[in-house]
2 protein chains.
Amino acid sequence: MNAETQIKKGRKYDQVIAGARAVFMREGFEGASVDEIARDAGVSKATLYSYFPDKQHLFMEVLKQECVAQSEVDVLFQQPGLSVEEKLCVICKNLITFFLSDFGQEVFRVCVAEATRFPELGQSFYESGPKNLAEKIADFLRSDKAQAVLDIDDAYLAADQLAQLCRSDLLLKVLFGVQTNPSEAEIDRIVDEAVKTFLARYRRVARAAGQSG
Amino acid sequence: MNAETQIKKGRKYDQVIAGARAVFMREGFEGASVDEIARDAGVSKATLYSYFPDKQHLFMEVLKQECVAQSEVDVLFQQPGLSVEEKLCVICKNLITFFLSDFGQEVFRVCVAEATRFPELGQSFYESGPKNLAEKIADFLRSDKAQAVLDIDDAYLAADQLAQLCRSDLLLKVLFGVQTNPSEAEIDRIVDEAVKTFLARYRRVARAAGQSG
DNA sequence: CCTATTGTAAACTACTTAGTTTAGTTCCAG
DNA sequence: CTGGAACTAAACTAAGTAGTTTACAATAGG
């Protein structure tokens with residue numbers, strides 16, 4: 001009776017998922033047809049339906065996997081020998097690179113579109129993506145190394161502000177198809193300005209050892 | 001031969017648009033059926049098709065109107081006797097209130113979802129919404145009153161940063177259905193923190209009259 | 001009052017959809 | 001070589017889709 005039991009079986013499973021991912025990302029849930037998925041997957045419809053009870057379960061399975069993949073994205077990479085400021089820049093750049101990637105864009109778009117139809121999907125996307133990322137950044141901000149340079153009260157809030165400053169105009173532009181691949185220079189500028197604003201607020205003031213509200 | 005000529009006619013036009021808006025916002029483009037729109041509009045399908053040549057034109061017309069409505073949202077209201085800092089708070093609060101509204105959320109969601117299928121739609125949503133808002137904020141930041149207190153080089157970038165700091169986690173949470181109506185206190189906190197960070201970067205330093213790079 | 005316009009409901013066309021079934025094929029273990 | 005499992009293409013069902021047409025009703029202007 002557990003939810004998983006209905007899904008999965010033999011050896012063409014991955015192939016089906018791959019085709020489904022491609023079509024769902026391209027067309028959304030309503031726009032995708034099962035015939036197209038089967039064709040794209042190089043698999044017969046009967047096979048597809050031997051793996052998944054229906055279109056919805058297939059859709060959910062695809063996006064569950066995308067969420068897992070997304071949660072494994074690491075914006076922090078353990079790069080030794082970087083100052084906190086440099087590290088902040090690296091974090092920002094990785095974050096931007098991620099949401100500019102085809103993967104990031106497609107998953108984001110589909111999840112926004114179908115969050116109403118599949119409520120648990122929106123939740124799990126949010127948690128494996130933005131929330132997960134913000135928490136990783138917050139952990140870094142709480143580290144001794146960071147705290148030596150930064151004076152932060154609410155690390156999660158600060159992490160979120162940094163992430164938001166990175167996303168900037170770009171996330172919206174990309175989401176609405178206004179600009180699809182910004183130049184490296186443009187990205188560097190945004191990163192630079194984001195970190196500048198972040199440090200203006202959170203850089204520890206030289207003198208006083210205590211924290212100011 | 002001009003694009004407009006195909007659409008519009010008599011007196012039930014608004015009714016059709018209203019029904020179409022309701023259904024499209026609820027279901028998206030593919031998910032919405034013309035029968036449902038006609039039913040929801042309290043109009044026969046034949047009447048609907050006497051106003052619009054097809055589903056796509058109807059969809060575009062609805063969203064064109066939403067974009068116009070969106071572009072008329074004013075985040076600045078001319079409120080006299082407010083300090084620049086207070087004004088920034090008001091701007092932030094209005095911005096948040098807007099994207100938390102049903103209207104803001106629905107339009108945003110549908111536009112993201114259909115930006116691939118209807119490229120010009122994404123563009124015009126972006127321009128009438130986020131871009132338009134940022135430009136209004138930038139105009140304020142460039143005003144003498146604001147410049148007396150703030151030291152800003154690139155007003156549009158600063159405006160965008162302020163807007164992003166406002167959106168914070170909230171926009172994403174709302175978009176993915178994680179949190180639908182945050183408390184007033186929560187909003188106030190975000191506004192407060194956004195303005196704090198913004199001012200930390202852009203508040204004119206007491207002493208020097210010139211601007212620093 | 002009469003007629004043209006604008007509306008209506010409902011049937012209809014031609015097509016697509018999700019999902020099932022059938023009859024036959026490939027593949028591999030024993 | 002055999003038997004069973006997994007797979008296939010293709011036909012099929014039942015329902016829904018966009019868009020058209022038909023035959024009829026309400027409403028207004030002159």
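So you know, we letter chains A, B, ... as the sequences are listed, proteins then strands, and number each from 1.
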Return the angle between end axes of the helix from C:dC1-D:dG30 to C:dG30-D:dC1, with five pairs used per end and rounding to 10°.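 Rounded value for the end-axis angle: 10°.
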Between B:K136 and B:D139, is there a salt bridge with N-O shorter than 4.0 Å?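 Between B:K136 and B:D139 there is no salt bridge, as every charged N stays at least 4.0 Å from the carboxylate O atoms.
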A:E193 bridged to B:R201 by N-O distance under 4.0 Å: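 Answer for the salt bridge query: yes.
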In whole Å, I'd like the distance from the [atom1] atom of [X] to the [atom2] atom of [N].
X     : N      : atom1 : atom2 : value
B:D35 : D:dG16 : CG    : P     : 11 Å
A:R39 : C:dT16 : CZ    : P     : 11 Å
B:F52 : C:dT6  : CZ    : P     : 16 Å
B:K12 : C:dT6  : NZ    : C1'   : 9 Å
B:Y49 : C:dA11 : OH    : P     : 18 Å
B:H57 : D:dA18 : NE2   : C1'   : 15 Å
B:Q56 : D:dT17 : CD    : P     : 17 Å
B:D14 : C:dG7  : CG    : P     : 12 Å

At under 4.0 Å between heavy atoms, what does B:S33 touch on the DNA or RNA strands: base, sugar-phosphate, or nothing?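 Here B:S33 touches the backbone only, sparing every base.
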Contact class for A:K45 vs. all strands (heavy atom < 4.0 Å): base, sugar-phosphate, or nothing?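 Answer is base: heavy atoms of A:K45 come under 4.0 Å of a base.
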Between [X] (side chain only) and [Y] (backbone N and O only), is there a donor and an acceptor less than 3.5 Å apart?
X      : Y      : value
A:R109 : A:L175 : yes
A:Q105 : A:L100 : yes
A:Q15  : A:A41  : yes

For the side chain of [X], starting at C-beta, report the closest nucleotide among [options].
X     : options                : answer
B:A46 : C:dT21, D:dT21, C:dA18 : D:dT21
A:T47 : C:dA18, C:dG7, D:dT8   : D:dT8
B:Y51 : D:dC7, D:dA18, C:dG7   : C:dG7

B:K55 to B:F29, cation-pi by 6.0 Å centre distance and 45° axis angle: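 Verdict for B:F29: a cation-pi partner in B:K55.
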Is there a donor N/O on one and an acceptor N/O on the other, under 3.5 Å, for the side chain of B:K55 and the base of D:dG19?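 Checked by distance alone, the answer is no.
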Looking at residues at least two apart in the chain, or sitting in another chain, which of them share a salt bridge (Lys or Arg N to Asp or Glu O under 4.0 Å) with A:D188?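 Partners of A:D188 by the salt bridge (Lys or Arg N to Asp or Glu O under 4.0 Å) criterion, ordered by chain and then number, come out as A:K93.
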A:S168-B:D160 side chain donor-acceptor pair, cut-off 3.5 Å: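 Distance-only check passes for A:S168 and B:D160.
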Return yes if a side-chain donor-acceptor contact under 3.5 Å exists between B:Y13 and B:E61, otherwise no.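 Per modelled atom types, B:Y13 and B:E61 side chains form a pair under 3.5 Å.
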Residue-level proximity of residues 18-32 of chain B to DNA chain C when a heavy atom falls under 4.0 Å: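 DNA chain C contact set from residues 18-32 of chain B: none.
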